[in-house]
Peer 1: 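Here it is, the structure in full.
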Amino acid sequence: MAEQRYDPHEIEPRWQEVWANERTWEVGNDPEGGGGAPCSYVLEMLPYPSGEPHIGHLKCYSVGDAIAHFHRRLGRRVLHPMGYDAFGLPAENHAIKTGEHPRDSTATSIASFQRQFHSWGISIDWSREIATHEPSYYRWTQWIFLELFRAGLAYRKEAAVKWCPHDQTVLANEQVDADGRCERCGALVEIRQLEQWFLRITDYAERLLGDLEGIDWPEHVKTMQRNWIGRSEGAEVTFRCEELGIDYPVFTTRPDTLFGATFFVMAPEHPDVLRLAEGTPNEMEVRQYVNRTLNESNEERGNAEKPKTGVPLGRTVTNPVNGEQLPMYVADYVLMEYGTGAIMAVPAHDERDFAFAAAFDLPVRSVIAPAPGSEADPSLPFTGDGVLVDSHADFDGMQNRAAIAAIVHWLDREGKGHASVNYRLRDWLVSRQRYWGCPIPVTYCETCGIVPVPEAELPVRLPDIDDYTPKGRSPLAAAEDWVRTTCAECGGPARRETDTMDTFVDSSWYFLRYCDASNHEAAWDPRPLREWMPVDQYIGGVEHAILHLMYARFFCKALADLGHLDFQEPFSALFTQGMVTKDGTKMSKSRGNVVSPAALIERVGSDTARAYILFVGPPDQDADWSDEGMEGVHRFLSRLWRLAAETAERAGEPVPEPSAAAYPDGDDLALVRKTHWAIEKVSGDLRRFAFNTAIAAVMELLNDCSRLRDDVELDTLRFSLASGASLLFPFAPHVCADAYSLLTGQRVWEQPWPEADEAMLESDSYELVCQVNGKVRDRVQASADASSETLGELCRAAPNVKAHVNGREIVKEIVVPGKLVNLVVR
RNA sequence: GCGGGCGUGGUGGAACUGGUAGACACGCCGGCCUUAGGAGCCGGUGGGCGAAAGCCCUUGGGGGUUCGAGUCCCUCCGCCCGCACCA
């Protein structure tokens, strides 16, 4: 028999060529809009093409590909497309450094992603490939923007915005990290007053929150989104400054503490602060304070530990519940972006107000006391529940939770306030003063104002420029010929918007475009969307748990409201894969611990790399890369292929539908049973993303095949090996296609997913565990159909059980058929 | 501080609804084959006692529920992630 050697470098390109030539993974749209064979849309988050793919990409697409293959072989038509999130800062920064046009560096990177996806053998429908920087794509990004604009969901507003001094651009709240640093470059973010484009995502806060209930997403991702939306119930209460005749509403979650308010605080950014201080002795001090805090970084300001600072405004407001005059302050612990930018301060029942009152020697009035008999610590500030005291005859003695409703009701009746819900979520700031992004398709006309570019003129193409260096305005502003245009309404002179869109806009709808990627008349036809959407299984990293996933959900809801979609949620099920680390830390060039997929595949082939990355542990957890571990998987694939090749050679002609002998016995029966066990195990594990145990099950099967290779019929061995290859195909497609083809002459991806034979999952006897007082004392063979009585007898008769019972009384006998018998003795 | 997750051999991990803890793999030890092996094959491998049969211990610590707990409950310790002066 000739020596058989597993050679992935010969096997893998050979099968990749078949799949590419035959366009195996392409799937058409059903003109009827579905209704035929069941459909499945399996999608991994599209890559950001910068440099070469890294190991995280390999993991993400290995997970998605396994699911796509599994769904196909369950008989579904599977949409599994690919694209590139091609606009963005890294390409632009690269251009600033080297002068290379972002389009060129992006093209280079895309080409290397394409090459690698092919060499990894990912089953992609290449006919639907998109890239967000192509005019044929961003034309529709612009169209969506204008749809939102017409609906009032895109608007321009001057606002205190987060500005990155290094990248010279405005950032969305979500792009500023906890330390107040730019998510991309790490520079300390500043606040600037600028006119910017916003998308009205806050209109959707309630729906974005509520609809989380109905989708199959990991709990921690839902929790992160809930926290980000940050819903709080409370009341809006109006405090009036009589001297200036201005009403100041505040939001509070504790209207029950209104009678304990002893002062009033405004955020330094509050537009009225300077006006209020004007003409008072404190004017200068207020000015200085405001300037100082506005220049403070978020990092300094956000520190809750830092001592409270502030300045009196020299004015008072009236507490609407008791008419008291409360002194007004400006203090940086009050945030403009939450609530109304002003608060009523109740030092007795709020930690922060308490700290401020202590620093400024302000009165503290307790109005909630621990309920009589309660063990709560009554010391101030008391933030727990209790009963109202020293408030008002109508409310004193009430439980504070009940008092909230009563007081809000009273405020409402008096016209001094009303129940209110507040969200932490802010509107999405989408304009960027950068070059490499989708142009915002509007013009400014002196007479007509903001005028959308007519649909027929889309796309507004990104012009070529020479200088990408940021100067505080968009580099596009330098393209004067491009900026100057005519107004679509009056025909007069107009100027184009020179800001571009946040790249998260591009990626908020790409999954829709895949369904109808080559449509030149519209962003999509509703029929293919009806067929494919929503995405059945979305796969990506947790780092997108808030931004991308929230924005995409918002887009769907908004587009559904505008009549363009008939579903509310884009991703029915979400899977978040864990990171791949090396030596316990994140891979990075500076640490020199980067494992390059290209080098890996050069060495061991993509089947080994893919199967190892899924075998190393549960895919939703972080996994530490180990070359030794990978060698183990390589040995396994090698053994599988060799045994298949040898078996095929020994058997002569391949057999199309391998099956074991009709009535196997002895070792044949054992191996056939093991095979059906593996089918059952792998099928179940695939459904719950337990790829590591699925692969382990095929390893077990192969171990049995190797052990019994000379003791079973050739048909049995061929059946078991072909089944193993079939089961492993979603994880290591090339070697399995090859092994399956050697054994059967068939293409494994055209075969239905194997089904376990129920009869073969049960054996006629099993090892009955015999326990005494919960401890295993013996094991005996029991017949599968034995009655509980028989099992009890078997157990009592077991030698070591007898020794432990030792004549004592059996007070109880628990029988779990198929498993064990437990004797309780006294 | 709030919310979520986790803690199992030398290592990665398995045990899905409470029912044989440690599947599978790495590593290590021993053997076979070989001129040689960083190739391949076979066997062993949680700890302790014992010649063996077997017994005891063991899923971060402590307590509880149960015939039976890695799994459920309480409590403490440790680690990771998200949010955080959010009124």
Side-chain angles (χ1 to χ4, degrees), chain A residues 3 5 178 218-228 230-232 234 250-254 257 265 267 301-306 308 331-335 337-346 349-353 355-356 383 422-425 542-543 545-546 578 612 615-618 620-633 635-636 638-639 642 681 684-685 687-688 690 692-700 702-703 706-707 767-779 799-800 803-804 810-816 818-825:
Chain A
E3 175 75 7
R5 226 181 87 82
E219 206 45 53
H220 69 278
V221 175
K222 290 190 186 184
T223 304
M224 280 159 75
Q225 294 219 342
R226 284 190 195 107
N227 289 344
W228 194 259
R231 182 184 198 274
S232 349
V250 303
F251 174 76
T252 177
T253 53
R254 295 295 304 274
T257 65
V265 190
R301 198 174 150 183
N303 182 7
E305 305 301 309
K306 132 187 146 154
K308 293 280 177 283
D332 65 358
Y333 81 95
V334 173
L335 309 172
E337 60 263 28
Y338 188 77
T340 63
I343 61 152
M344 64 161 192
V346 185
H349 305 295
D350 181 279
E351 311 265 358
R352 299 149 300 175
D353 298 345
F356 191 86
T383 55
N422 197 57
Y423 299 93
R424 205 186 77 103
L425 184 70
V542 234
E543 64 273 19
I546 299 174
Y612 169 65
F615 176 69
V616 68
D620 55 336
Q621 284 173 30
D622 290 352
D624 201 57
W625 186 271
S626 132
D627 284 339
E628 291 80 15
M630 188 191 63
E631 292 300 335
V633 171
R635 278 198 286 275
F636 160 61
S638 179
R639 282 205 322 272
R642 269 197 331 262
K681 173 84 179 139
D685 285 355
R687 277 179 237 279
R688 58 189 184 100
N692 53 333
T693 51
I695 294 168
V698 182
M699 286 177 172
E700 280 194 54
L702 180 67
N703 288 345
S706 300
R707 189 166 51 82
E767 197 172 61
L768 179 74
V769 169
C770 305
Q771 297 182 331
V772 177
N773 284 347
K775 291 198 177 194
V776 181
R777 294 304 179 188
D778 220 329
R779 291 152 221 257
N800 203 38
H804 278 87
I810 298 174
V811 291
K812 203 165 178 183
E813 184 177 294
I814 285 109
V815 181
V816 184
K819 293 263 186 212
L820 54 78
V821 175
N822 185 18
L823 304 180
V824 185
V825 301

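Convention: sequence-line order gives letters A, B, ...; per-chain numbering from 1.
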Peer 1: Using a 4.0 Å heavy-atom cut-off, does A:Val334 contact any base of the nucleic acid, only the sugar-phosphate backbone, or nothing at all?
Peer 2: base

Peer 1: Could you tell me whether A:Gly339 contacts a base, only the sugar-phosphate backbone, or nothing, with contacts defined as non-hydrogen atoms closer than 4.0 Å?
Peer 2: nothing

Peer 1: Starting at atom CE of A:Met224, determine the distance to atom C1' of B:C80, rounded to an integer number of angstrom.
Peer 2: 13 Å

Peer 1: B:G22 and B:G13: how far apart are their C1' atoms, nearest whole angstrom?
Peer 2: 10 Å

Peer 1: How would you label the contact of A:Arg639 with the nucleic acid (heavy atoms, under 4.0 Å): base, sugar-phosphate, or nothing?
Peer 2: sugar-phosphate

Peer 1: P atom, B:G47 versus B:U11: distance in rounded Å?
Peer 2: 12 Å

Peer 1: Taking the side chain of A:Val824 as heavy atoms from C-beta outward, which of B:C67, B:G82, B:G13 is closest to it?
Peer 2: B:C67

Peer 1: Looking only at side-chain N and O atoms, does A:Arg707 come under 4.0 Å of OP1 or OP2 in B:C42?
Peer 2: no

Peer 1: Looking only at the side chain of A:Asp332 (C-beta and beyond, no hydrogens), which of the listed nucleotides B:A87, B:G19, B:C85 gets closest?
Peer 2: B:C85

Peer 1: How is A:Phe636 classified with respect to the nucleic acid when contacts are heavy atoms under 4.0 Å: base, sugar-phosphate, or nothing?
Peer 2: nothing

Peer 1: Under 4.0 Å, heavy atoms only, any strand: does A:Gln771 hit a base, just the sugar-phosphate, or nothing?
Peer 2: base

Peer 1: Using only heavy-atom distances, determine whether the side chains of A:Arg424 and A:Asn227 contain a donor-acceptor pair under 3.5 Å.
Peer 2: no

Peer 1: Nearest-Å distance, CZ (A:Arg635) to P (B:G38)?
Peer 2: 13 Å

Peer 1: If you look at every strand shown and take non-hydrogen atoms under 4.0 Å, does A:His804 touch a base, only sugar-phosphate, or nothing?
Peer 2: sugar-phosphate

Peer 1: Checking understanding here: a glycosidic angle within 90° of 0 is syn, the rest anti, so what is B:G9?
Peer 2: syn

Peer 1: Please work out if A:Glu628 contacts a base, only the sugar-phosphate, or nothing of the nucleic acid, heavy-atom cut-off 4.0 Å.
Peer 2: sugar-phosphate

Peer 1: Check A:Asn773 against A:Val825 and note the closest heavy-atom contact, atom names and distance.
Peer 2: OD1-N, 3.0 Å

Peer 1: I want to verify a distance call: between B:G19, B:A25, B:C26, whose nearest atom is closest to the A:Val816 side chain?
Peer 2: B:G19

Peer 1: Could you work out which one of B:G68, B:C85, B:G13 sits closest to the side chain of A:Asn822?
Peer 2: B:G68

Peer 1: How far does the C1' atom of B:C72 sit from the matching atom of B:C29, given to the nearest Å?
Peer 2: 41 Å

Peer 1: Can you see if the side chain of A:Arg777 gets near the phosphate of B:C55 - specifically, an N or O under 4.0 Å from OP1 or OP2?
Peer 2: yes

Peer 1: By nearest heavy atom, map A:Ser706 and A:Ala342 onto RNA chain B; which one lands nearer the 5' end?
Peer 2: A:Ser706

Peer 1: Can you tell me the base-pairing partner of B:G7? Count Watson-Crick or G-U wobble geometry only, both distances below 3.5 Å, and say none if there is no partner.
Peer 2: B:C77

Peer 1: Would you say A:Asn227 places a side-chain N or O within less than 4.0 Å of OP1 or OP2 belonging to B:C2?
Peer 2: no

Peer 1: With a 3.5 angstrom cut-off on both distances, give the Watson-Crick or G-U wobble partner of B:A53, or none if there isn't one.
Peer 2: none

Peer 1: Between B:A21 and B:A52, how far apart are the two C1' atoms, rounded to whole Å?
Peer 2: 25 Å

Peer 1: For atom C1', what is the distance between B:C6 and B:G70, given to the nearest Å?
Peer 2: 13 Å

Peer 1: Please determine whether a side-chain nitrogen or oxygen atom of A:Asn703 lies at a distance below 4.0 Å from atom OP1 or OP2 of B:A25.
Peer 2: yes

Peer 1: Regarding A:Val616, tell me which of base, sugar-phosphate or nothing describes its non-hydrogen contacts under 4.0 Å with the strands shown.
Peer 2: sugar-phosphate

Peer 1: Would you mind telling me which residue lines up with the more 5' stretch of RNA chain B, A:Thr223 or A:Phe251, judged by nearest nucleotide?
Peer 2: A:Thr223

Peer 1: Taking it one step at a time, do A:His804 and A:Asp778 satisfy side-chain contact (heavy atoms from CB on, under 4.5 Å)?
Peer 2: CA-CA 10 Å; A:His804 278 87; A:Asp778 220 329; over 6 Å; no

Peer 1: Within less than 4.0 Å of OP1 or OP2 of B:A87, is there a side-chain N or O belonging to A:Ser232?
Peer 2: yes

Peer 1: Whole angstrom is fine here: how far is it from CH2 in A:Trp625 over to C1' in B:U11?
Peer 2: 17 Å

Peer 1: Looking only at heavy atoms, what is the nearest atom pair of A:Phe615 and A:Asn692, with distance?
Peer 2: O-CB, 3.4 Å

Peer 1: So, is A:His220 close to the B:C80 phosphate, meaning a side-chain N or O under 4.0 Å from OP1 or OP2?
Peer 2: no

Peer 1: Which label fits A:Tyr333 and A:Phe356: parallel for a plane angle under 30°, tilted from 30 to 60°, or perpendicular past 60°?
Peer 2: tilted

Peer 1: Looking at CZ of A:Arg639 and CE of A:Met699, how far apart are the two atoms once the value is rounded to the nearest 0.5 Å?
Peer 2: 8.0 Å

Peer 1: In Å, rounded to the nearest 0.5 Å, how long is the span from OH of A:Tyr338 to CG of A:Leu425?
Peer 2: 11.5 Å

Peer 1: Using Watson-Crick or G-U wobble geometry with both distances under 3.5 Å, which nucleotide pairs with B:U45?
Peer 2: B:G27

Peer 1: Atom CG of A:Asn773 to atom P of B:C55: distance rounded to whole Å?
Peer 2: 13 Å

Peer 1: When you compare the side chain of A:Thr252 with that of A:Met344, does any pair of heavy atoms fall below 4.5 Å?
Peer 2: yes

Peer 1: Which whole-number value in Å describes the distance from A:Asn692 CG to B:A23 C1'?
Peer 2: 11 Å

Peer 1: Report the C-alpha separation of A:Lys812 and A:Asn822 in whole Å, then their side-chain angles, then the decisive distance to 0.1 Å, and conclude whether the side-chain contact (heavy atoms from CB on, under 4.5 Å) test is met.
Peer 2: CA-CA 8 Å; A:Lys812 203 165 178 183; A:Asn822 185 18; over 6 Å; no

Peer 1: Within less than 4.0 Å of OP1 or OP2 of B:G54, is there a side-chain N or O belonging to A:Lys775?
Peer 2: no

Peer 1: For B:G46 versus B:C24, give the span between their P atoms, rounded off to a whole number of Å.
Peer 2: 12 Å

Peer 1: Say you pick atom C1' in B:G62 and the same atom in B:G78; how far apart are they, in whole Å?
Peer 2: 15 Å

Peer 1: What nucleotide among B:C16, B:A87, B:C83 has an atom nearest to a side-chain atom of A:Ile546?
Peer 2: B:C83

Peer 1: Counting only Watson-Crick or G-U wobble pairs whose two distances fall under 3.5 Å, which nucleotide matches B:A15?
Peer 2: none

Peer 1: Are OP1 or OP2 of B:C55 and a side-chain N or O of A:Asn800 less than 4.0 angstrom apart?
Peer 2: yes

Peer 1: May I ask which nucleotide in the shown strands pairs with B:C83, Watson-Crick or G-U wobble, both distances under 3.5 Å?
Peer 2: B:G1

Peer 1: Report the distance from atom CD of A:Glu219 to atom P of B:G82, rounded to the nearest whole Å.
Peer 2: 18 Å

Peer 1: Could you work out the separation of B:G38 and B:G30 based on their P atoms and round it to a whole Å?
Peer 2: 14 Å

